[in-house]
Amino acid sequence: MRPEEDKFIERLYLDTFQLLGTDARSNRNNTALAQEVVQDAFLEAIRNIEKLMSHENHRGWMKNTVKTKVK
């Protein structure tokens with residue numbers, strides 16, 4: 001990843017990890033599984049970094065990714 005992409009992911013992680021974990025836990029009553037779902041969502045974000053960086057709603061993109069992975 002390029003340095004700006006790395007910084008973007010780091011900021012996004014710090015800003016949203018707890019929120020996404022709460023969302024994942026509300027659907028799964030298992031904290032460890034919820035954390036795995038969120039980590040998997042961040043892996044998806046890294047795989048689609050250009051798309052995510054150009055998206056108008058980064059949090060929304062991540063929340064939808066978590067929601068999809070929970071299902």
Is the number of heavy atoms from other residues, nucleotides or ligands within 6.0 Å of CD (Glu10) greater than 12? no

Within the structure provided, determine whether Lys67 and Asp23 are in side-chain contact (heavy-atom separation under 4.5 Å). no

Taking a hydrophobic cluster as the set of Ile, Leu, Val, Met, Phe, Trp and Tyr residues connected by side-chain heavy atoms closer than 4.5 Å, whether directly or through intermediates, do Val37 and Ile46 fall within one such cluster? yes

Spatial distance of atom CE (Met62) from atom NE2 (His55) [nearest 0.5 Å]: 12.0 Å

Would you indicate whether the side-chain heavy atoms of Glu36 and Asp40 approach each other to under 4.5 Å? no

Do Leu52 and Leu12 touch side chain to side chain, with heavy atoms closer than 4.5 Å? yes

Over all atoms of both residues, closest heavy-atom pair of Ala34 and Ala24: CB-CB, 3.7 Å

In Å and rounded to the nearest 0.5 Å, what is the CD to CG distance from Gln39 to Leu20? 10.5 Å

Which atom pair, heavy atoms only, marks the closest approach of Asp6 to Met1? CA-CE, 3.4 Å

Side-chain contact, heavy-atom cut-off 4.5 Å: Thr22 with Leu19? no

Measuring from Arg25:CZ to Leu33:CG, what's the distance to the nearest 0.5 Å? 11.5 Å

Under-4.0 Å salt bridge between Arg47 and Glu44: yes

Between Phe17 and Phe42, what is the shortest heavy-atom contact and its length? CD1-CE1, 4.4 Å

Is the closest side-chain heavy-atom distance between Arg59 and Asp15 below 4.5 Å? yes

Value for CD1 (Ile49) from CD1 (Ile9), rounded to nearest 0.5 Å, stands at 3.5 Å

Which of parallel (below 30°), tilted (30 to 60°) and perpendicular (above 60°) describes Phe8 and His58? perpendicular

